[in-house]
Amino acid sequence: TEIYTEQIVGSVRCVQETDIELLELMLNDDNYLLVFGAFEYDPDNLNSSQTTYREFLRSKIHFKQAIQIDNPDILKRIHFNYRLGYLRAVSYTHLTLPTIYSVQIS
């Protein structure tokens with residue numbers, strides 16, 4: 001799993017602002033927890049104080065609608081943009097990813 005984790009983190013380093021399709025794949029409903037799980041791996045800190053991004057996303061974040069949104073494409077974009085912002089925050093602590101900061105999908 002260490003090689004797999006390094007591949008994911010390495011892939012995130014290579015994300016360019018034109019790689020919107022890659023970002024959408026990484027942050028879709030099926031994959032985003034895997035991506036954030038890769039950022040939890042820290043070979044210098046393998047004790048119980050490890051960062052738990054997936055646990056935060058699973059248990060602390062709850063999407064609440066102020067108004068009813070019936071369009072699934074709009075909901076998908078809302079979730080994508082939140083995950084992209086969280087990826088920016090998480091990656092900032094691990095990597096320097098200036099190109100990710102220029103991507104925002106509307």
Restricting to pairs with a member in residues 25-35, which pass side chain to side chain donor-acceptor pair (under 3.5 Å), not counting sequence neighbours? Asn28-Asn31, Asp29-Arg83

Are Leu25 and Tyr82 in one and the same hydrophobic cluster, where Ile, Leu, Val, Met, Phe, Trp and Tyr link if side-chain heavy atoms are under 4.5 Å apart? no

Ignoring hydrogens, what is the shortest heavy-atom contact between Phe36 and Tyr53? Give both atom names and the distance. O-CD1, 3.8 Å

Stepwise, does the side chain to side chain contact (heavy atoms under 4.5 Å, CB included) test hold for Tyr86 with Ile61? CA-CA 11 Å; Tyr86 193 63; Ile61 301 300; over 6 Å; no

Using the salt bridge (Lys or Arg N to Asp or Glu O under 4.0 Å) rule, collect all pairs that involve residues 58-68, keeping only residues at least two apart or in two chains. Glu55-Arg58

Treating Ile, Leu, Val, Met, Phe, Trp and Tyr as nodes and any side-chain heavy-atom pair under 4.5 angstrom as an edge, say whether Phe63 and Ile74 lie in one connected cluster. yes

Taking atom CG of Leu22 and atom CG of Leu27, what is their separation to the nearest 0.5 Å? 9.0 Å

Going by side chain to side chain donor-acceptor pair (under 3.5 Å), name the residues that satisfy it together with Gln65, two or more places apart in sequence or in a different chain. none

Would you kindly confirm whether Leu23 and Leu33 end up in one hydrophobic cluster when ILVMFWY residues are joined by side chain heavy atoms under 4.5 Å apart? yes

Heavy-atom closest contact (Val35 atom, Leu87 atom, distance): CG1-CD1, 4.4 Å

